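The structure appears right after this line, and notes come after that.
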Amino acid sequence: MDLSVEGKAYINGSFEQCCIGVENGKISSIKKVLKGDVHLNFGYKLILPAGIDLHVHFRDPGMINKEDFATGSMAAAFGGITCFFDMPNTIPQTTDINSLSDKIMTASKKSFVDFGVYAGITDNNINNIETIAKKCNGFKIYLGSTTNTLMFNKQNLKETLIKISSTNKPVLFHAEDDACLNKYKTIEKNLVDHLNSRPAICEETAIKNILETSKGVNAKVHICHLSSCEGLELLKNRSKNITCGVTPHHCLISAGRNLNPQTHFKVNPPLRTIFDKETLFNVLRNGFIDVLESDHAPHTLDEKDAEFNDAPSGIPGVETIYPMFLYLVKQEKLSFQCLVSLLCEKPAEILNAHKGKIKVGNDADFIVVDLKKECKISSEKLHSKCGWSPFNGWPALFPDAVFVRGEKVIENNEIQVSQGFGKFIGE
Ligand code: NCD
Ligand code: ZN
């Protein structure tokens, strides 16, 4: 056995003082006592499954002034995320085999943690879905326009869903209806204007369309970044093949004049009312939401410091998602079971990754957490290239150590592997 790790580990829904054995990057046994070639004893510290962020925009290729696979994956690693899934709205957009292969190659050279990629579906590649499926972990469809989006005509939705269902890969939706967005669009001076120009009815319209169109089609559908009570209501009786995700920003922050600078909180879908925010947090902690996703969408400070109407939408979050929620667990705002399901188990299930659970046969991806070491998030200490965070000053619990496939990737606040350690999962 290459390695054994001892501590208070989260196994099957509860903590046990035990040892996790690792061979060839995989968990080979879990026992009270084990001795590998190397034995690491973390004593009273917690060993939790590492996080999986199924929704990031690492901007590589084409916008590497905002982020690239090295900085994005380093941010992920420091935040306890050992696998991320990258969205297709890069330049070029990943909508065919070539652009997907190129992205996978670039990420394989640069990434510190494991990764997957999405193919964007547009009106032009619907007929190639089966071929494209060979090079991606899932698909993304934008029903409304946002940053550098891939336009998709909703008339094609049924046909697309049928094609996707035969690939067995999930399709993720940005659920804001474009016709609706156009109807409400106004010049925006602040976050309340942004909310009024992308009202909940647009999310509701898009989700209704997805639910109706996917009836009878057995596609694996994921609704990204649910943000409104109206959307939530529609999903209450969803079938098993439909999952939904919430971001930390939508369940922890509401639109208001107190947020400064206002542009730093401009995001799509928009931050909504206090009632939306509180309802989302409540259903999240009660197990109604499937996934917690960051929608890490970095833009430079220069871009974000533009006039409100011209500033791009999107906020970073891959490094802070797990630490912020670990702190909320410590505060007893939600349970370990709930958090691990949201950020580890469910994303692994949706993307078919052998991660997300400390169990024999899975990749040995875990984090070591000392519940006593809480700190305040500081933008300067984060690793995203964008250099700012809307969560600056928020309390958090960062992991002491992070393991990917049994290899220590983070310890003593330093990265322990080189660029390219991360692997594409899916081939
Ligand atoms: C995303 C981005 O910047 O890539 N922005 C955002 O506000 N969420 C685009 C998107 O997926 O909407
Ligand atoms: Zn996104």
Side-chain angles (χ1 to χ4, degrees), residues 53-69 72 76 84-95 103 116-122 137-152 170-178 180-181 185 188 191 194-195 197-198 202-203 206 222-228 231 244-251 253 255 259 262-272 291-304 306 308-318 321 347 384-386 388-390:
D53 194 345
L54 61 60
H55 190 161
V56 306
H57 300 264
F58 281 175
R59 311 299 192 200
D60 199 344
M63 292 172 275
I64 58 174
N65 59 318
K66 298 179 199 253
E67 193 79 282
D68 67 24
F69 281 119
F84 64 85
F85 291 85
D86 192 57
M87 286 294 168
N89 62 335
T90 41
I91 305 173
Q93 298 172 331
T94 49
T95 52
K103 184 181 267 191
V117 295
Y118 296 110
I121 300 298
T122 71
N137 305 75
F139 301 93
K140 176 75 181 278
I141 294 178
Y142 284 91
L143 291 176
S145 41
T146 169
T147 317
N148 189 29
T149 34
L150 304 101
M151 282 325 293
F152 179 86
V171 54
L172 284 75
F173 279 95
H174 183 116
E176 286 185 287
D177 182 80
D178 211 44
C180 181
L181 291 177
K185 200 174 161 125
E188 303 170 13
L191 289 164
H194 189 56
L195 164 56
S197 102
R198 305 180 79 102
C202 298
E203 181 168 89
H222 178 75
I223 313 278
C224 292
H225 42 49
L226 179 66
S227 63
S228 67
C244 66
V246 164
T247 67
H249 44 276
H250 288 114
C251 68
I253 316 176
L259 300 173
Q262 291 262 297
T263 50
H264 286 208
F265 299 85
K266 185 181 180 189
V267 66
N268 299 333
L271 301 182
R272 299 194 191 272
V291 169
L292 188 61
E293 58 194 59
S294 75
D295 191 10
H296 179 83
H299 297 286
T300 65
L301 272 175
D302 257 10
E303 292 165 322
K304 276 295 208 186
F308 192 91
N309 197 61
D310 304 326
S313 292
I315 64 179
V318 71
I321 188 168
S384 166
K385 206 181 267 188
C386 74
W388 61 278
S389 165

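Just so we're clear, the structure is a prediction, and the values are computed from it rather than from any experiment. Indexing begins at 1, ligand by ligand and atom by atom, following the structure's order.
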Quiz item: Is it true that the side chains of Glu293 and Thr247 contain a donor and an acceptor less than 3.5 Å apart?
Solution: no
Quiz prompt | Among Asn268, Leu271, Thr263, side-chain contact (heavy atoms from CB on, under 4.5 Å) partner for His194 | solution = Asn268
Quiz item: Can you tell me if Glu176 and His174 form a side-chain donor-acceptor pair at under 3.5 Å?
Solution: yes
Quiz item: Against heavy atoms of Val267, which atoms of ligand 1 measure under 4.0 Å?
Solution: 7 (O)
Quiz item: When you measure from the centre of the six-membered ring of Phe308, is the NZ or CZ of Lys266 under 6.0 Å away and within 45° of the axis?
Solution: yes
Quiz item: What do you reckon, does His225 have a nitrogen or oxygen under 3.5 Å from a nitrogen or oxygen of ligand 1?
Solution: no
Quiz item: For ligand 1, which atoms have a heavy atom of His174 less than 4.0 angstrom away?
Solution: 11 (O), 12 (O)
Quiz item: So does Cys224 have any N/O/S atom less than 2.8 Å away from the Zn ion (ligand 2)?
Solution: no
Quiz item: So which protein heavy atom does atom 11 (O) of ligand 1 come closest to, and at what separation?
Solution: Tyr142 OH, 3.2 Å
Practice problem: Go through ligand 1 atom by atom and flag the ones less than 4.0 Å from a non-hydrogen atom of His299. | Solution: 3 (O)
Exercise. Could you tell me whether the side chains of Asp53 and His296 share a donor-acceptor contact shorter than 3.5 Å?
Key: no
Exercise. Looking only at N, O or S atoms, find the one in Asp295 nearest to the Zn ion (ligand 2) and name it.
Key: OD1
Quiz item: Would you say His250 and His225 make side-chain contact, with heavy atoms under 4.5 Å?
Solution: yes
Quiz item: Looking only at atom types and distance, does a side-chain atom of Lys304 sit under 3.5 Å from a main-chain N or O of Gly314, one as donor and one as acceptor?
Solution: yes
Quiz item: Taking both backbone and side-chain atoms of His57, is any N or O found less than 3.5 Å from an N or O belonging to ligand 1?
Solution: yes
Exercise. Among all protein heavy atoms, pick out the one at the shortest distance from atom 9 (C) of ligand 1; state its residue, atom name and that distance to 0.1 Å.
Key: Thr146 OG1, 3.5 Å
Quiz item: Of all the atoms in ligand 1, which lie at a distance below 4.0 Å from a heavy atom belonging to Ala297?
Solution: 1 (C), 2 (C), 3 (O), 5 (N)
Quiz item: Is ligand 1 under 4.0 Å from a heavy atom in the side chain of Ile315, in the backbone, in both, or in neither?
Solution: neither
Quiz item: Considering only heavy atoms of Asn268, which atoms of ligand 1 have at least one such atom less than 4.0 Å away?
Solution: 6 (C), 7 (O), 8 (N), 12 (O)
Quiz item: Where is the nearest protein heavy atom to atom 5 (N) of ligand 1: which residue, which atom, and how far?
Solution: Ser313 O, 3.2 Å
Quiz item: With a 3.5 Å cut-off and no angle check, do the side chains of His249 and Asp295 form a donor-acceptor pair?
Solution: no
Quiz prompt | Side-chain donor-acceptor contact under 3.5 Å, Arg272 with Ser228 | solution = no
Quiz item: Backbone or side chain, does His55 get an N/O/S atom under 2.8 Å to the Zn ion (ligand 2)?
Solution: yes
Quiz prompt | Ring-ring centroid check Tyr118 Phe139, cutoff 6.0 Å | solution = no
Quiz item: Does ligand 1 have an atom under 4.0 Å from some heavy atom of Arg59?
Solution: yes
Practice problem: Note the single closest protein heavy atom to atom 8 (N) of ligand 1, along with its residue, its atom name and the distance in Å. | Solution: Asp295 OD2, 2.9 Å
Practice problem: Go through the side-chain N and O atoms of Glu67 and His299 and say whether any donor and acceptor fall under 3.5 Å apart. | Solution: no
Quiz prompt | Proximal ligand 1 atoms for Asn89, defined as those under 4.0 Å from one of its heavy atoms | solution = 2 (C), 4 (O), 9 (C)
